Amino acid sequence: MMRVGRVMLRPKIRDEIWGTAMYHAYSHYVIKNVELWTERGITQQCDIEVEKGKIKAIEREIMTPHGAHEISGHGYTLIPAGVDPQVHLRVPGQAEKETAGTGLLAALRGGIGAVLSMPNTKPVIDTVDVCEEAMVELEEAAHLTGVKAYLTGSITQNLKGKNVAPYEALAEWGVKAFTDDGVGVVDDNLMRAAFQASEKTGLPILQHAEFPGHGGVLAKGPMQEKLGIPAYPVSAEADMVERDITLLAEYPKARYHVLHVSADETLKQVAEAKAEGLHVSCEVTPHHLWFSSEDIKDDNTSFKMNPPLRSPSDRRALRHALQEGIIDFVATDHAPHETTAKGQNFKTSAFGTTGLETSLRVLLTLVREGSLSAERLVQVFSTRPAQFLGLASEFGDIAKARPMAAVLVNRNSSNIVTEADLFSLSKNSCFLGERLDGRIEAMFLGDRYYAF
Ligand SMILES: [Zn+2]
């Protein structure tokens, strides 16, 4: 066993991360000649001085002080480190899919500095005891990768949709939100109880909007028709969002967030509720931005995810809403599964694709193609989710006197994604075989410099 600080590193977690996430701890460094992106705009060339993990200066030119390390940023772009508010870290209890070490390593290699983990674990994160159990594992990996991991608590006990979870105890412990992600909350009174808890605790309610019973696997489209499997209708999602927004009107201080929006119809409901002044927000995944139901390859069950990929016109609407601000931010819904859980059969395969390593690269490609602005990329990848989770003092911006949390990318590089680009324990990525922009060169988290 090896001891770093107060954390005892178990050899397994150490081995998973070591070698791929070696870092230098530099108490004083200067990044030279880098392009800087923030939500305020693009600075084409500047130097950035960081001392004791904090940004000391950003200037056109900084003379590197004696004893400080100099890092060349020439040809590269520095972007605020990502914050991913929907990740299935599978901790505790599902080490066949993902571990704390591989999950946070995948985030690090994707330019993501903080993740919010979903509670559909074994056991479900519905008590303070399970929160503690999860953090014992996560703290070790967070220490090595520098990536912060936060928890959600479930809305209902054991995700069963029957009895409420102990909201106040969970909030007091420090969960960042409540969600039954994976299943929608069907019962009106349970949703009312969740909104009441949101008013009391200030925490958002994250809805996996899906009325059950539709039996669908893929959205209506060529592959769904070819396989002759039932279609997953838009109404399963849009009807639940409509119901939720109606109930939300009774709780004006509650915060309601729609996870992984897939359809134009849902966007219209969210836009209307926002116009009425309700506290409604929503997110989109990189895979719903990148693919439509017409892109599904028949031998690849990584394309089975919940909600499903929808029509090209839905994808167009999602991209437009992301740029225009109807969609608040991007979340990966990183959902690792071992090979046997995915299999080659769309009907029996588990839902989900991984996404931590490719999220920023998808967004960079959209910027080059012209459907997303650089400023908006920073907002949806970092600034807005940081604000949403109450992490804005640590994440979301690169500016003088702030803590350093940034990713260095080569925007001019691109490659076809292979398993060598994936660091998650599971390889069920629908992006394998896609050409994406960007090489993630390094991460800066406080006084740490991870070069890849
Ligand atoms: Zn979900």
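Keep in mind the model is a prediction, meaning the values are calculated, not measured. Any value given below was found using the heavy atoms of this structure, including those in side chains, with hydrogens, waters and symmetry copies removed. Read the numbers this way: they start at 1 and go in the same order the structure lists the ligands and their atoms.
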Could you tell me whether R435 and E369 have a side-chain N and a carboxylate O separated by less than 4.0 Å?
no
Within the 3.5 Å criterion, strictly below it, is a donor on E237 or T266 matched to an acceptor on the partner's side chain?
yes
Can you classify the ring geometry of F195 versus Y251 as parallel (below 30°), tilted (30 to 60°) or perpendicular (above 60°)?
tilted
Could you tell me whether R439 sits above the aromatic face of F452, with NZ or CZ closer than 6.0 angstrom to the six-membered ring centre and within 45 degrees of the axis?
no
Have a look around the Zn ion (ligand 1) and list protein N/O/S atoms under 2.8 Å, or say none.
D181 OD1, H208 ND1, H260 NE2
Decide whether N300 and S302 meet the rule of one side-chain donor and one side-chain acceptor closer than 3.5 Å.
yes
Would you call D264 and R310 a salt bridge, using N to O less than 4.0 angstrom?
no
